[in-house]
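Encoded as structure tokens, the structure appears first; notes follow it.
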Protein chains: 2
Amino acid sequence: MKARLRNLLNRLVKENLDGLIVSTPANIAYLTGFNSSEAYLLVAKKERIYFTDSRYTEEVKPKLKSVSLKRIEASVFELIAKTSLDLDLKRIGFEERHMPYAEYKKIKESFKSRAYLIPTHNLIETLRLIKEPKELDKIREALRITGLALEFIKGFLRPGLKELEIAAELERFIRYHGAIGAAFDIIVASGPNSAFPHHRPGQRKAQKNEPVLVDIGVDYCGYKSDLTRVYFLDKINSLTRRIYNIVLKAQGRAISRIKPGAEIARIDGVARKYIADKGYAKYFGHSLGHGIGLETHEAPSVSAKNDGILIPGMVFTVEPAIYLPGRFGIRIEDMVLVTKKGCEVLSGFIHK
Amino acid sequence: MKARLRNLLNRLVKENLDGLIVSTPANIAYLTGFNSSEAYLLVAKKERIYFTDSRYTEEVKPKLKSVSLKRIEASVFELIAKTSLDLDLKRIGFEERHMPYAEYKKIKESFKSRAYLIPTHNLIETLRLIKEPKELDKIREALRITGLALEFIKGFLRPGLKELEIAAELERFIRYHGAIGAAFDIIVASGPNSAFPHHRPGQRKAQKNEPVLVDIGVDYCGYKSDLTRVYFLDKINSLTRRIYNIVLKAQGRAISRIKPGAEIARIDGVARKYIADKGYAKYFGHSLGHGIGLETHEAPSVSAKNDGILIPGMVFTVEPAIYLPGRFGIRIEDMVLVTKKGCEVLSGFIHK
């Protein structure tokens with residue numbers, strides 16, 4: 001935590017900021033080491049102050065290290081403003097992508113022109129881009145639980161089960177195996193529902209000879225996993241097999257290009273071009289992947305729009321897909337770590 | 001949906017607005033009739049337009065009634081701005097409590113001073129205050145499932161079970177009984193953990209002769225329930241029983257005052273005073289309750305700060321509590337509906 005705080009304070013100096021109001025839960029977790037909710041963290045050179053209300057104070061107190069605690073009694077915004085002024089901060093950053101306009105306005109008003117609120121973005125997210133060994137351990141553990149859950153569900157799947165029942169078994173399983181819970185609403189999409197990239201599991205029953213797409217992530221000590229596999233109930237018809245193999249090869253090609261210095265947009269491009277060459281360009285609408293760690297979706301976005309390059313320590317998903325509306329969809333999603341020489345498929349041990 | 005849109009359009013006229021950018025998911029659900037994510041809805045007199053990306057378009061298309069669909073290809077903010085300008089809207093509201101500052105800034109910039117962004121709050125939330133019969137049906141169904149889940153877990157509880165295992169069984173059970181999933185992270189807090197109002201279930205095992213607090217809500221067709229019960233593993237010691245009875249009586253007193261026209265702050269006050277008179281004022285820090293419907297926490301807040309009065313059709317929780325740090329906590333939470341003559345405890349059928 002100390003090194004993280006030091007890095008952030010250096011960033012603040014560069015940005016000519018006296019302090020930063022952190023409101024994004026994952027950023028607070030990154031800086032304090034525990035998962036908080038309904039909280040704000042004020043970071044300044046002199047002091048770090050954690051603001052939360054009576055529902056959380058008792059639970060949080062023993063966990064705070066080199067961070068002091070202020071209990072919110074009335075307006076949190078006035079309290080943050082008063083605390084900032086007491087610390088003699090003048091230029092105070094806030095996280096513009098997370099803080100609602102109304103909160104910005106209230107804090108600004110509470111400053112009464114004695115201090116200034118400065119929009120910032122990605123100050124902490126940039127630090128989070130490169131995973132530390134301890135963070136990787138937690139991600140690996142999240143993936144280990146995910147792998148167990150997928151092995152279990154493969155044996156459990158059979159025609160006649162509702163999507164929601166399959167999701168229910170997965171939700172139960174991961175908690176018995178050490179996860180806090182799911183990282184996001186688990187997707188179970190049977191037959192034609194698999195053509196909806198973010199299908200919510202419902203009452204539909206899986207049928208013989210159709211694909212069942214399972215997209216599952218778990219939360220282990222705040223760190224997330226995110227994996228997609230498609231299982232087949234009995235026979236696979238030739239079109240489905242053909243599409244599956246295209247998606248699998250697109251993924252393999254993208255992964256083979258992952259190494260430090262590679263352009264991120266090119267990684268997306270390699271998979272996209274392969275799918276386009278096979279004639280399915282318009283059935284792969286989303287980006288190839290996304291960073292993952294304390295949040296299921298974080299930097300880097302692995303898309304045509306990202307003009308950055310890969311750096312060792314980045315962790316992200318690689319999830320090409322082809323969705324044929326009204327018929328079925330295939331998405332294969334793995335998690336990779338950029339290493340010094342290339343990459344490691346962190347989820348490589350989970351059978352496809 | 002039509003009446004809801006009409007009511008909203010009337011509100012816009014009163015506020016001198018030509019249109020409203022709706023970004024709060026529950027508000028979009030209220031106006032469109034389905035649960036969306038990663039979407040924006042532009043409401044104007046002439047037209048309603050739903051903006052989402054390729055991951056959702058196919059799924060959403062058949063559900064949109066009298067709302068047109070625009071697929072986000074590049075910047076959603078530029079698209080919203082361009083669409084607003086094409087419709088000749090000048091004064092366009094946005095939801096200031098939900099929209100992040102960065103989004104506000106981007107839309108504003110895209111308007112290039114040809115239209116104005118006006119902060120609004122609670123325009124739709126105020127409409128949602130009064131539940132329609134169809135909404136009540138869904139809330140009742142959410143409660144029916146919650147009741148079944150609590151009956152089930154009462155039979156399942158035994159010393160030696162981990163909190164996470166108990167939560168896992170509840171998560172599984174509700175999906176087998178018709179819920180989409182949990183309304184929030186289910187709280188299972190055993191022994192001293194019950195003194196943390198928002199405890200996250202962990203590896204601790206429930207022990208003989210201690211209370212186990214279960215706070216559970218389910219999502220049924222977008223509508224939420226929220227219920228807390230405390231179960232005892234074997235014997236209840238006399239202090240625990242005493243505290244339990246104080247909380248129960250405080251709840252009963254508050255509920256007995258619920259009727260149209262009653263001051264909301266007074267409802268909170270009645271329960272708080274009873275607990276204070278027994279000497280436990282400082283162990284009940286949070287407000288008495290909160291509105292519930294499409295969101296687990298919505299208007300009205302049942303707290304000392306709310307200067308409003310009760311109106312038939314409001315639905316909210318009544319959840320007094322006493323938390324004794326390091327020892328245990330008791331919270332009893334029910335859901336009530338304000339009726340024409342008084343109130344109905346919607347969760348009255350769930351055994352305490």
Side-chain angles (χ1 to χ4, degrees), chain A residues 35 37-38 53-61 71 73-74 94-105 117 119 121 162 164-176 178-182 185-186 193 195-203 282 284-286 305 323 325-326 329, chain B residues 35 37-38 53-61 71 73-74 94-105 117 119 121 162 164-176 178-182 185-186 193 195-203 282 284-286 305 323 325-326 329:
Chain A
N35 291 301
S37 46
E38 316 261 349
D53 67 43
S54 75
R55 290 170 301 168
Y56 301 96
T57 43
E58 287 301 322
E59 197 154 11
V60 152
K61 234 184 262 175
R71 180 164 149 173
E73 305 281 353
F94 71 98
E95 302 184 299
E96 67 165 1
R97 294 202 309 184
H98 184 269
M99 186 176 281
Y101 176 84
E103 298 191 3
Y104 155 80
K105 205 171 64 174
L117 261 189
H121 56 269
K162 292 178 184 173
L164 267 169
E165 291 170 350
I166 300 165
E169 296 297 339
L170 287 166
E171 285 275 0
R172 176 179 180 279
F173 185 95
I174 58 175
R175 286 177 178 83
Y176 270 91
I180 302 172
D185 289 339
I186 294 172
N193 285 344
F196 302 132
H198 277 201
H199 176 67
R200 284 202 86 173
Q203 300 295 336
K282 73 171 181 162
F284 174 34
H286 57 69
K305 288 179 210 160
Y323 307 104
Chain B
N35 291 302
S37 47
E38 317 261 349
D53 67 43
S54 73
R55 290 170 301 170
Y56 300 97
T57 42
E58 287 300 322
E59 197 154 11
V60 152
K61 235 184 260 173
R71 180 164 149 173
E73 306 280 355
F94 71 98
E95 301 183 299
E96 65 165 3
R97 292 202 310 182
H98 185 270
M99 187 175 282
Y101 176 83
E103 298 190 5
Y104 156 80
K105 204 171 66 175
L117 262 188
H121 57 268
K162 292 178 184 172
L164 267 168
E165 292 170 349
I166 299 164
E169 296 298 337
L170 287 165
E171 285 276 0
R172 176 179 180 276
F173 184 96
I174 58 176
R175 287 177 176 82
Y176 269 91
I180 302 171
D185 289 339
I186 294 172
N193 285 343
F196 303 131
H198 277 203
H199 176 67
R200 286 203 84 172
Q203 300 295 336
K282 71 170 182 162
F284 174 34
H286 57 69
K305 289 178 208 160
Y323 307 103

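Per chain, numbering begins at 1; letters A, B, ... match sequence-line order. Heavy-atom basis, side chains included; hydrogens, waters and symmetry copies ignored. Predicted, not measured: the structure shown is a model, and the values here were computed from it.
When A:I180, A:L170, A:N193 are compared by the number of non-hydrogen pairs under 4.5 Å with chain B, A:I180 comes out ahead.
Contact of the B:Y101 side chain with the A:P100 side chain is not registered, since no non-hydrogen atoms from C-beta on lie closer than 4.5 Å. Between A:Y323 and B:E58 the shortest side-chain heavy-atom distance does not fall below 4.5 Å.
For B:A195, no part sits under 4.5 Å from any heavy atom of chain A, backbone or side chain. Heavy-atom distances place the backbone of B:A179, and not its side chain, under 4.5 Å from chain A. For a residue to count as touching a neighbouring chain, one of its non-hydrogen atoms must lie under 4.5 Å from one of that chain's; by this rule A:E73 touches chain B with the backbone only. Only the side chain of B:K305 comes within less than 4.5 Å of a heavy atom in chain A; its backbone stays farther off. Interface residue B:F94: only side-chain heavy atoms are found under 4.5 Å from chain A. Of the atoms belonging to A:A182, not a single heavy atom falls under 4.5 Å from chain B.
A salt bridge is absent between B:E171 and A:R172: the closest approach of a Lys/Arg side-chain nitrogen to an acidic carboxylate oxygen does not fall below 4.0 angstrom.
Within 6.0 Å of the NE2 atom in A:H121, the count of heavy atoms belonging to other residues, nucleotides or ligands does not exceed 12.
A distance of 9.5 Å separates CG in B:D53 from NE2 in A:H286, rounded to the nearest 0.5 Å. Considering OH of B:Y56 and CZ of A:F196, their distance stands at 13.0 Å, rounded to 0.5 Å. Distance CZ/B:R175 to CD1/A:I166: 13.0 Å, rounded to 0.5 Å. Here the NE2-OG distance, from A:H198 to B:S54, works out to 9.5 Å after rounding to the nearest 0.5 Å.
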Going through the distances and angles, do A:Y176 and B:E169 end up as a side chain to side chain donor-acceptor pair (under 3.5 Å)?
CA-CA 9 Å; A:Y176 270 91; B:E169 296 298 337; 2.6 Å; yes
Please assess A:K105 against B:E96 for the test salt bridge (Lys or Arg N to Asp or Glu O under 4.0 Å), listing each intermediate value before the final yes or no.
CA-CA 9 Å; A:K105 205 171 64 174; B:E96 65 165 3; 2.8 Å; yes
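A donor-acceptor contact closer than 3.5 angstrom links the side chains of A:E59 and B:H199.
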